[in-house]
**Q** 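A single structure is presented below for examination.
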Amino acid sequence: LRVLMSGNSAVKAVSLIAPAKVNLVLEILSKREDVYHDIDTVMTTVELADRIRLWPSDQLEIEFIGRDSDMIESDGELVAATVQALGIASGHKPAVKIEIDKRIPVAAGLGGGSSDAAAVLRGLDHLWGLEWSMPQLEEVAATLGSDVPFFLHGGTARCRGRGELVTPLPDLRPLRMLILMPPAPQLPGKTARRFAALHTHDFSDGVRSERMAYRVGRGAPPPSGDLWNAFETVIERTESELLA
């Protein structure tokens with residue numbers, strides 16, 4: 001986070017990065033009584049990131065630039081909801097100019113929209129001079145999306161509940177990772193459709209996530225046998241065009 005100050009010590013602009021994430025392991029434990037599922041996952045941020053700048057303004061302005069910037073209607077709605085949510089929670093007028101240089105592919109499972117939302121929360125905390133604690137920001141983040149609290153922390157973490165219960169872990173050792181995005185149609189509601197396609201035999205008990213968290217916590221490399229995602233079997237059943 002980079003904060004530019006004016007001569008009178010007022011915040012002039014805030015610049016941040018909003019990193020993508022990968023799930024080293026993602027387990028779905030069960031369906032809850034609400035619309036969500038209980039999950040157990042270990043996630044880590046990666047070098048790929050959006051760039052975000054915020055300026056004081058008397059109204060809310062959001063502009064996306066960069067690759068596929070004309071395809072990001074849902075992310076724009078989430079960023080606007082983030083400003084509104086923090087404005088209501090803090091009593092601050094929800095007015096700011098936001099520019100997002102979009103570098104994370106859209107609808108790729110990399111958490112770009114949630115990461116942008118978390119970065120905007122952090123940026124507004126400085127721009128508006130709130131100086132909120134992490135638990136205060138997490139409370140707002142949890143209302144915006146299950147991954148948003150994780151991105152407030154960044155790095156590596158084990159996340160449970162619907163994803164909002166974050167246990168930070170030590171950073172991974174330097175790790176090279178090739179991320180491929182197939183040229184498949186980007187249909188709306190991707191995540192909701194995949195959760196809806198889950199069967200009870202897709203559920204697991206969290207052992208892989210526990211083992212992954214234990215290894216990462218001890219500074220050991222991730223166990224390759226536990227690099228696993230519950231949605232792999234869902235994709236095999238429902239989206240055969242993604243199979244290599």
**Q** Start with the C-alpha gap between Phe195 and Ile28, add the side-chain angles, then the distance that decides, and say whether side-chain contact (heavy atoms from CB on, under 4.5 Å) holds.
**A** CA-CA 9 Å; Phe195 270 107; Ile28 313 295; 3.8 Å; yes
**Q** Hey, does the side chain of Asp50 reach the backbone of Ile104 with a donor-acceptor pair shorter than 3.5 angstrom?
**A** yes
**Q** Would you say the side-chain atoms of Arg237 pair up with the backbone N or O of Ala197, donor to acceptor, closer than 3.5 Å?
**A** yes
**Q** So, Ser204 side chain and Glu27 main chain: donor-acceptor pair closer than 3.5 Å or not?
**A** no
**Q** So, for Ala213 and Val42, which heavy atoms are closest and what is the spacing to 0.1 Å?
**A** N-CG2, 4.1 Å
**Q** Where the side chain of Arg103 meets the backbone of Gly66, is there a donor-acceptor pair that is under 3.5 Å apart?
**A** no
**Q** In the structure I gave you, are the side-chain heavy atoms of Arg160 and Thr167 within less than 4.5 Å of one another anywhere?
**A** yes
**Q** Rounded to the nearest 0.5 Å, what's the gap from OG1 on Thr143 to CD on Glu164? Could you check?
**A** 11.5 Å
**Q** Can you tell me if Ser90 uses its side chain to pair, donor with acceptor, with the backbone of Leu86 under 3.5 Å?
**A** yes
**Q** I need the Asp226 CG to Glu210 CD distance, nearest 0.5 Å.
**A** 11.0 Å
**Q** Answer yes or no: is there a side-chain heavy-atom contact under 4.5 Å between Asp202 and His199?
**A** yes
**Q** With the 4.5 Å side-chain cut-off for hydrophobic clustering, are Val46 and Val216 part of the same group?
**A** yes
**Q** Would you say Thr41's side chain and Cys159's backbone share a donor-acceptor pair under 3.5 angstrom?
**A** no
**Q** Counting distance only, does the side-chain N/O of Arg215 pair as donor-acceptor with the main-chain N or O of Pro221 below 3.5 Å?
**A** yes
**Q** Nearest 0.5 Å, what's the NZ-CG distance between Lys31 and Leu198?
**A** 9.0 Å
**Q** Just by distance, do the side chain of Asp116 and the backbone of Gly113 share a donor-acceptor pair under 3.5 Å?
**A** no
**Q** Considering non-hydrogen atoms only, spot the tightest contact between Lys93 and Trp128 and give its length.
**A** O-CZ2, 3.5 Å
**Q** Between Val120 and Phe64, is there a shared hydrophobic cluster once you connect ILVMFWY residues whose side-chain heavy atoms come closer than 4.5 Å?
**A** yes
**Q** Nearest 0.5 angstrom please: Asp40 CG to Met212 CE, how far?
**A** 11.5 Å
**Q** Which atom pair, heavy atoms only, marks the closest approach of Lys12 to Trp55?
**A** O-CD1, 3.8 Å
**Q** Between Arg158 and Ser209, is there a side-chain heavy-atom distance shorter than 4.5 Å?
**A** yes
**Q** Could you tell me whether Glu99 atom CD has more than 12 heavy atoms of other residues or ligands within 6.0 Å of it?
**A** yes
**Q** Say whether Leu78 and Ile98 are linked into one hydrophobic cluster, either directly or through other cluster members, by side-chain heavy-atom distances under 4.5 angstrom.
**A** yes
**Q** State, with a plain yes or no, whether a side-chain heavy atom of Leu24 is found less than 4.5 Å away from one of Thr44.
**A** yes
**Q** Using the rule that two of Ile, Leu, Val, Met, Phe, Trp, Tyr join whenever any of their side-chain heavy atoms come within less than 4.5 Å, decide whether Leu26 and Phe203 are in one cluster.
**A** yes
**Q** Group every Ile, Leu, Val, Met, Phe, Trp and Tyr by side-chain heavy-atom contacts under 4.5 Å, then state whether Val14 and Phe151 land in the same group.
**A** no
**Q** Taking side chain as C-beta onward, heavy atoms only, is Leu110 less than 4.5 Å from Val22?
**A** yes
**Q** Can you give me the closest heavy-atom contact between Pro170 and Thr156, atom names plus distance?
**A** O-CB, 3.7 Å
**Q** Give a yes or no on whether Gln59 atom CD has more than 12 heavy-atom contacts from other residues, nucleotides or ligands under 6.0 Å away.
**A** yes
**Q** I need the minimum non-hydrogen distance between Arg32 and His37, along with the two atoms involved.
**A** CD-C, 3.4 Å
**Q** Please find the pair of heavy atoms, one from Ala95 and one from Val83, that lie closest to each other, and give the distance.
**A** N-CG1, 4.4 Å
**Q** Which value, rounded to the nearest 0.5 Å, describes the distance between Ser15 atom OG and His126 atom NE2?
**A** 12.0 Å
**Q** How long is the straight-line distance from CD1 of Ile52 back to NZ of Lys102, given to the nearest 0.5 Å?
**A** 7.5 Å
**Q** Just by distance, do the side chain of Thr45 and the backbone of Gly155 share a donor-acceptor pair under 3.5 Å?
**A** yes
**Q** Indicate yes or no for a side-chain donor-acceptor contact from Arg53 to the backbone of Asp101 under 3.5 Å, with no hydrogens or angles considered.
**A** no
